[in-house]
Structures are given as C-alpha cells and as structure tokens.
There are 2 protein chains.
Amino acid sequence: MPYARVRADRSTHYGHRRRLTGANVADARQAMYRQVAADLRHAITDGAYGSGGRLPAESALAEAYGVSRGTIRQALSVLRADGLVTSRRGTRRVVLGTARVPTFRESLSFTRWARSIGEEPGGRVVDIARVPADEVEREQLRLEAGDHVYRVLRVRTLSAVPVMVERTVYPERVGEIVAACDPAAVSHTVPMEERGVVITDAHHTIDVTGADEDDSRLLGCRVGDALLRERRRSTDPAGSPVEWAEDRYLPGTIAFAVHNSAAASSLSRRPAL
Amino acid sequence: MPYARVRADRSTHYGHRRRLTGANVADARQAMYRQVAADLRHAITDGAYGSGGRLPAESALAEAYGVSRGTIRQALSVLRADGLVTSRRGTRRVVLGTARVPTFRESLSFTRWARSIGEEPGGRVVDIARVPADEVEREQLRLEAGDHVYRVLRVRTLSAVPVMVERTVYPERVGEIVAACDPAAVSHTVPMEERGVVITDAHHTIDVTGADEDDSRLLGCRVGDALLRERRRSTDPAGSPVEWAEDRYLPGTIAFAVHNSAAASSLSRRPAL
DNA sequence: TAGTGGTCTAGACCACCGG
DNA sequence: CGGTGGTCTAGACCACTAC
C-alpha cells in the first residue's frame, strides 16, 4: 500500500482542512501532486509494482490519496516525463523501469551528482578573468556590446583524480559570486544558490572533441586525444542566461543518460557544426 | 496574430460543433491542445515574439483560441518540455529560444533526421543473424531463457559517406520484419511502422568508446579511435522493449542536443559502467 | 461490454511579480 | 495592488484495450 504514506502526512498536517475548496489545500508545504508523485516514485523504484508491472487505475489512486483525478494525472505526468511509466488509453499504466532518476539539481551540479553516487568530488580554479564579452558570448548570454563576462577555467576531480575540465562563462552579476569563492571550493553552485541565483532550465549539446594543451596538462592526456564534451546554456526562472559552459570529460569516466518519449521529447541529434 | 490559424481551421471543420460539451470537440482529427501547441510553436520559431519575449497571458490565449484555460495550459506544457518557453508565477511566459525542435520520430530515425536537415541518408546491412539471446539481451528486451533475437550490424551514410555503425538487437517478432527488408534499404523504421511496430519511449546513454575492427573497416578509421556512442532501449505503447541498439558515430559528424528543466528533467550523468 | 486513460470545461483560491 | 501562472475540484464525453 504505497499510498498510505502521503495520506498519513496529510491527515496529520492538513486533515482538518480537507473540506476546503480550491488550491488552499496545496502550496502550504508542497503541491499535493508532487507529494503523490514522490510517493509513487518511491513505490516504483522500490519495486512495489515490478518492472513491466501495472499501476493502479487513476480513479483508484484518486480515492486512495483523497484527491481528484486531475491531481493524480498531474503526478503521473511527472513520472512519465522521467521515463518511469508509460501510459495509453484503454489499459493501466505500465512501469518502464525501476532505476532511480536523478533530480534536475543533481543533473546540473557536478558536486551534487558525485555525492549522490558516493564519490568524493573536488575542484580547483585554474584561471579566472573578467573580460569584455566576445560575439559568441554576447549571443549565448544575451548581452549588449561592451558588457563584461567572467571566464573560468577549472579542473574537476573524483577522489582526487582529474576527470573533467570545465570552461564556464558567467554574466557579471553571477561571475562576481564565483570570483569571490575560494579557488579550491568544491562547489560553485551552492554559493550561487545562496546568493539567489537559481537555474531552472538548461540546454545541452553533447559530442566529442580533441584535447587542447590546457586539457592535456590538467587531465594528463595527450593533445588531440578524444574527450566527451558537453556544452550547456542555463537560464533562470525569468529566462535570463546564467551561465554558458563547456565541460570536457576523460573517456570512460561518465556517460549521459536521457529519456524521451512521444509525449515529451527533448532529445535530438544535430549536425556537429 | 499567430492564433488566427487554428481558429480558422476549426471554424471550417468543427465550427458547428463548438457548443458541444466534453471531449467530442477534440480527437476527431487531433487534440485541440496539440493544434494550439503546434500553432504557438510555429509562431515562436518564426520569431513572432522574439527570443526573450513574452507570450500572451493564458487567459488571452484561451479567449483567442476559443478554448478553456486548461487546454491552453496543456498546450503550453508541451512547449515548456521542449525548452521553448519558461514559466513562473506572477509573470507571463518568456520565450527561451526560437530554434526548431525535432519531433520524437525524427529523434529516433536516422533516416528521418537526415532528411529533416536536407541530407541524403543511406544504409547497408553488413550482417544479420537469428541467435539465442544472451543474458544481457534477455535483460534489456525482457525475454525468457531460450528466446531468440535478431542481431543486425549496419553502416549508415550521409551523401554516401559512412558516418555511423549501428548494432541493433530485436526481439523475434520485430527482427522478422527487419530480416525481410532489402539489405540496402534506407529505412528500417518505416517498414516497422507499416507492420504496426510503434515506438513511444526511448532510454539513451551517450558516451565515448574505441573503434573495434568492424567499426574500423566500415568507417575507415583505425582500431581504437574514439567514437561517439549512443546506446538506446526503445519501447512500444504497452511498455514492451522493441529494440536495443548501440550506434557509433565518427567524431565531428553529429552532436546530441537535450533540454531539461526543473519542471521536467530527463537528463543525467552516469558513471561509465 | 466494462474499465481504462485522454481530452475538455467551468470555476475556484492562491502565491507571486511587477508597477 | 492588479494581473499572472500554479494548483485543485467536479464533472463530462470519448477512444481504446482487453476480456
């Protein structure tokens, strides 16, 4: 009975408000559909339904959680986007996989990601400079001619072993925060968040490139050796660019995992320039 | 006035049904929210709002399209998943980018993708065999011991130049379709669809690997040279695995583009094995 | 044919952003 | 403060699947 969890919480915290209408039931702590989604997610990754198994009907879930069918559907759409379940007319939803799906924040921060898999992350700023933005940077960060950016070159480690070189360009207001960090700071994401810089969207391009002299020196490979490259433009809730980054990984250290579906795509091939 | 388009279509096809209740208005051809999403998508990629510009309010769109706010929100959630717009409480949605986002089907089929960018795709089956599934294949395709699979080795070309080697494993019912194709058939996806094999979900893992002897011979590179690798497990609407594929691209030919957001993630790093 | 998820409506209250 | 998107409800009809 996976859905007992949320119900218990709710009768404790909000039970007396059950009869109220509108959205006042939610938002108090977290949206109801998120609680339901989290609950079902745990049930699925715990194998409560098995791989290829069927979920209860929406109507059954609605009754069990004491919410409307719309709220249940909202919760399930989260799980569908993560690739945990399919759905189609006529039959109950089917569990596609039981693997845990990292949160968005884990997917953006090398530090959080490393810790989530039990590794010891490290980082060292090799070079940082405040310079006028070039044309590409102005385009990517949506800046005006004459605006300045911070360019940061940094090597990232797992258990003290270098695995990735990170070249990030920040608009001035964000770069100032990074520039104030200790060069050996493990995370830049955390100080940024503490200063109110929030990332809600990211565009990624993944391909292969050859190591240059910086890469060679920092990663201990030869110039020209192939590296897995991720380029990323991240934006805040207002849609303003927060960073433009190019990460280069030693082969064999990491892989990128993506899910897409007819309902929500998000992955595509692109000609490599 | 981007939203004039759908309205015109609708008054032509369904205008007389406007007053009906329930979902009978939709489904007839395509869901209303999909029409609205497609219309807004075109408006955005045509630059009608500019990059960083604001969309009309949901209420305004609802009135303009003659549908409820819920339907508009459903349409906008599609665009948000594609990374075309942000959204947050308090302000209108903002356009994140104006680049066209490929459809899910384009993202799965090398042939469709190549044509969508104006390239001439080709393919040649180098080897195909029906064999008992090994342990990994049984796991990936959710098969029983003793079940057979088809293993297909194929080289893919753009303008007759080899760019990718494809190793695909199919369960028997799908493999039979592929085995019946001309070895030089440009597309396997199309015959599969004609026989009722539909793919609705795909899990991808992207990393770098070294070329083996087959890759070397077919792509004209040296053994050990780095290739961009995509491994993919695709499932049908019922959640049954349809294929398990490993594609290896010559560096510099293609890149993968992904969007993710706090609202709908789907991208993650993984330790390489 | 019964049960399922897909689509749509009409209305409500709220948190949040900006002027 | 008004306007915006976020959340939730209650109900309806339908397309589709599986038996």
Side-chain angles (χ1 to χ4, degrees), chain A residues 10 14 17-37 54-63 65-80 85-94 196 198 200 236-240 262-264, chain B residues 10 14 17-37 54-63 65-80 85-94 196 198 200 236-240 262-264:
Chain A
R10 278 182 57 70
Y14 312 110
R17 293 222 255 146
R18 268 289 186 63
R19 294 272 102 213
L20 297 184
T21 61
N24 44 8
V25 176
D27 283 335
R29 283 156 191 275
Q30 226 201 348
M32 190 60 209
Y33 80 88
R34 287 185 189 279
Q35 298 180 40
V36 174
R54 279 134 138 248
L55 253 50
E58 292 175 1
S59 56
L61 291 171
E63 193 179 358
Y65 283 108
V67 300
S68 76
R69 190 180 154 216
T71 300
I72 294 295
R73 284 183 62 78
Q74 217 173 340
L76 289 170
S77 85
V78 174
L79 304 186
R80 187 180 57 178
V85 300
T86 25
S87 66
R88 60 184 177 140
R89 268 198 258 248
T91 54
R92 294 194 183 166
R93 286 180 159 81
V94 169
V198 180
T200 54
D236 67 14
S240 299
Chain B
R10 278 183 57 73
Y14 313 109
R17 293 220 256 146
R18 267 291 184 61
R19 294 273 102 213
L20 298 184
T21 59
N24 43 7
V25 176
D27 284 333
R29 282 156 190 275
Q30 227 201 347
M32 190 60 209
Y33 81 88
R34 287 184 190 278
Q35 297 180 40
V36 173
R54 279 134 135 246
L55 252 50
E58 292 174 0
S59 56
L61 291 170
E63 193 179 358
Y65 283 107
V67 299
S68 76
R69 191 181 155 216
T71 300
I72 294 294
R73 284 182 62 78
Q74 218 173 339
L76 289 170
S77 84
V78 174
L79 304 185
R80 187 180 59 178
V85 300
T86 26
S87 65
R88 63 210 260 245
R89 267 198 257 249
T91 56
R92 293 194 183 165
R93 287 180 157 82
V94 169
V198 180
T200 54
D236 68 13
S240 300

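Letters A, B, ... mirror the listed sequences (proteins, then strands); counts begin at 1. All values reported here derive from a predicted model rather than from experimental measurement.
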A/R34 CZ to C/dA15 C1', in whole Å, measures 14 Å

Output one line per pair: protein atom, nucleotide atom from nucleotides 16-19 of chain D, and distance, for all N/O pairs under 3.5 Å.
{"unit_1": "D/dA18", "atom_1": "OP1", "unit_2": "A/R88", "atom_2": "NH2", "d": "3.2"}

5'-most contact on DNA chain D (nearest-nucleotide basis), A/Y33 vs B/L55, goes to B/L55

Applying salt bridge (Lys or Arg N to Asp or Glu O under 4.0 Å) to A/R69 and not counting sequence neighbours gives A/E58

Whole-Å distance, B/Q30 CD to C/dT7 C1', equals 12 Å

Quiz item: So does A/T71 get a side-chain nitrogen or oxygen closer than 4.0 Å to the phosphate oxygens (OP1/OP2) of D/dT9?
Solution: yes

Rounded to whole Å, the CD1-C1' distance (A/I72 to C/dT4) equals 15 Å

query = Looking only at side-chain N and O atoms, does A/R69 come under 4.0 Å of OP1 or OP2 in C/dT7?
reply = no

A/E63 CD to D/dA10 P, in whole Å, measures 13 Å

Residue set satisfying side-chain contact (heavy atoms from CB on, under 4.5 Å) with A/V94, at least two apart, ordered chain then number -> A/R54, A/T86

Here the distance between atom P of D/dG3 and atom CG of B/L61, to the nearest Å, is 17 Å

For B/R92, the side chain to side chain donor-acceptor pair (under 3.5 Å) test, sequence neighbours excluded, returns none

- Query: Between B/S87 and D/dG6, is there a side-chain N or O to OP1/OP2 distance below 4.0 Å?
  - Reply: yes

When the rotation axes relating C1' atoms of four end pairs to the next four are compared across the helix from C/dT1-D/dA18 to C/dG18-D/dC1, five pairs an end, they differ to 10° by 20°

Taken to the nearest 0.5 Å, the spacing of B/Q35 CD from B/Y65 OH works out to 10.0 Å

Residues at least two apart in sequence or cross-chain that pass side-chain contact (heavy atoms from CB on, under 4.5 Å) with B/S87, listed by chain then number, are B/R80, B/R93

